[in-house]
Amino acid sequence: MSRHLSWPRRVALWVANLVAIAFLIAPLLPLVLSSVQSEKTLQGDTRALLPREYTVANFRLILSGGTQRGPIFEQVTYLPKSVERFPAAFLNSVVVASSVALLTLTFGALSAYTVARLDLRWVKALVSVSLVARLVPLIVLMVPLYVMFRKYGLLNSLTGVVAAEVGFLVPYAVLILAPYFASLPAELEDAARLDGCTRFGAFLRIVLPLATPGLAACATIMFILSWHELLIPLIVVSRPEAMTVPVVLAGLVSDYFVFFTLMMAICLLGLAPTLALVLLLQKYVVRGLVAGALKG
């Protein structure tokens, strides 16, 4: 279709694409530039577009948990506790996000297959109720969630964070996967069942391999949502040993001083896993998100 466009329209499309890309990438430039300079340099000239000197001392300090200060931080008498907690918080975020993605994908796939293949009114009613319940602001549910988790001993643990996030994200997984499963031909499952497979066996051997792009897209989205979730870990966890990266990042804002360079460096380190995951699985993510619409 693009071959039939005149050159002015092609130029206009290229310009529009460049503007859209610049709009998305531009906020990352100050983030990167601020993370590779010292706080003194940043505060000394706030109007400078490019730093006068570059350093990786911020990343070295954060990744070492505050032990490797270097010449920039040797004379600093106060450092936020979030810097010391970052390595453990990063590991906690990896554990939580991976567990949430795996469990949400498992429960969401089973529920979505039920919605797509079994024409049951009560199933569709439950899905509708779950989706409507997600329209309630999350902050409204924090008090009953806290009371319930305190009763069952799930506070101050990664298990509680995972359980809460899985409960909130499963309806979204069903919403993503149900149209994709519905777009797959049911005749393949019928043929497998004629050959002796049970419905669950056909689901495992036929449906799941065909739904790999949709599953990859769903798992990536769930991982990203869980990785950047702040409210649930902030309410459920108060022990420093169980904090995640968003909670540690929020703790950088103190009453004494705000280290902007450290904050930007932690933001970049926090973005790295989700960015790498999207770049690694971008082909499957795009195919998974559009396949249901194209086939349906």
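Numbering starts at 1 and runs along the sequence shown. Source: prediction; values computed, not measured.
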For a quick test of reading the model, state the closest non-hydrogen atom pair linking [X] to [Y] and the distance between them.
{"X": "S34", "Y": "N58", "result": "O-ND2, 4.4 Å"}
{"X": "G167", "Y": "P171", "result": "O-CD, 3.7 Å"}
{"X": "S111", "Y": "V174", "result": "CB-CG2, 3.7 Å"}
{"X": "T244", "Y": "P233", "result": "OG1-CB, 3.6 Å"}
{"X": "F149", "Y": "G160", "result": "CE2-O, 3.0 Å"}
{"X": "A101", "Y": "A219", "result": "CB-O, 3.8 Å"}

Is there side-chain contact between [X] and [Y], with heavy atoms separated by less than 4.5 Å?
{"X": "R205", "Y": "F200", "result": "no"}
{"X": "F90", "Y": "V248", "result": "no"}
{"X": "V100", "Y": "V161", "result": "no"}
{"X": "L271", "Y": "L28", "result": "yes"}
{"X": "T198", "Y": "R193", "result": "no"}
{"X": "L188", "Y": "L210", "result": "yes"}
{"X": "I266", "Y": "F59", "result": "no"}
{"X": "T67", "Y": "S64", "result": "yes"}

What's the separation between atom [atom1] in [X] and atom [atom2] in [Y], rounded to the nearest 0.5 Å?
{"X": "Y113", "Y": "L208", "atom1": "OH", "atom2": "CG", "result": "9.5 Å"}
{"X": "I206", "Y": "D190", "atom1": "CD1", "atom2": "CG", "result": "11.0 Å"}
{"X": "I25", "Y": "L31", "atom1": "CD1", "atom2": "CG", "result": "13.0 Å"}
{"X": "L230", "Y": "L138", "atom1": "CG", "atom2": "CG", "result": "10.0 Å"}
{"X": "H228", "Y": "L249", "atom1": "NE2", "atom2": "CG", "result": "11.0 Å"}
{"X": "R10", "Y": "W7", "atom1": "CZ", "atom2": "CH2", "result": "11.5 Å"}

Original post:
Who are the ring pair (Phe, Tyr, Trp, His ring centres under 6.0 Å) partners of Y172, not counting sequence neighbours?
Top reply: none
Subject >> ring pair (Phe, Tyr, Trp, His ring centres under 6.0 Å) partners for F181, two or more places apart >> reply: none
Check whether [X] reaches the backbone of [Y] with its side chain - one donor and one acceptor, N or O, closer than 3.5 Å.
{"X": "S35", "Y": "V32", "result": "yes"}
{"X": "N156", "Y": "S238", "result": "yes"}
{"X": "T212", "Y": "P209", "result": "yes"}
{"X": "E229", "Y": "L231", "result": "yes"}
{"X": "S93", "Y": "V245", "result": "yes"}
{"X": "E189", "Y": "A192", "result": "no"}
{"X": "N92", "Y": "M243", "result": "yes"}
{"X": "S183", "Y": "Y180", "result": "yes"}
{"X": "S157", "Y": "L154", "result": "yes"}

Can [Y] be reached from [X] by stepping across I, L, V, M, F, W or Y side chains whose heavy atoms are under 4.5 Å apart?
{"X": "Y152", "Y": "V162", "value": "yes"}
{"X": "V140", "Y": "F168", "value": "yes"}
{"X": "V11", "Y": "V19", "value": "yes"}
{"X": "L141", "Y": "I139", "value": "yes"}
{"X": "L269", "Y": "L275", "value": "no"}

Subject >> Check against side-chain contact (heavy atoms from CB on, under 4.5 Å), F203 and R199 >> reply: CA-CA 6 Å; F203 172 73; R199 181 180 289 276; 5.8 Å; no
Subject >> From CA spacing to verdict: side-chain contact (heavy atoms from CB on, under 4.5 Å), M222, L102 >> reply: CA-CA 9 Å; M222 297 302 111; L102 179 61; over 6 Å; no
**OP:** Please say which of T261, V83, V56 ends up in a side chain to side chain contact (heavy atoms under 4.5 Å, CB included) with L61.
**Re:**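 That would be V83.
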Original post:
Can you list the steps and then say if V237 with L155 is a side-chain contact (heavy atoms from CB on, under 4.5 Å)?
Top reply: CA-CA 6 Å; V237 173; L155 293 179; over 6 Å; no
**OP:** On the 0 to 90° scale, with breaks at 30° and 60°, tag the W227-F223 ring pair as parallel, tilted or perpendicular.
**Re:**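 Geometry flag for F223 against W227: parallel rings.
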**OP:** Give the C-alpha distance, both sets of side-chain angles, the deciding distance and a yes or no for side-chain contact (heavy atoms from CB on, under 4.5 Å) between V236 and Y146.
**Re:** CA-CA 7 Å; V236 174; Y146 182 86; over 6 Å; no
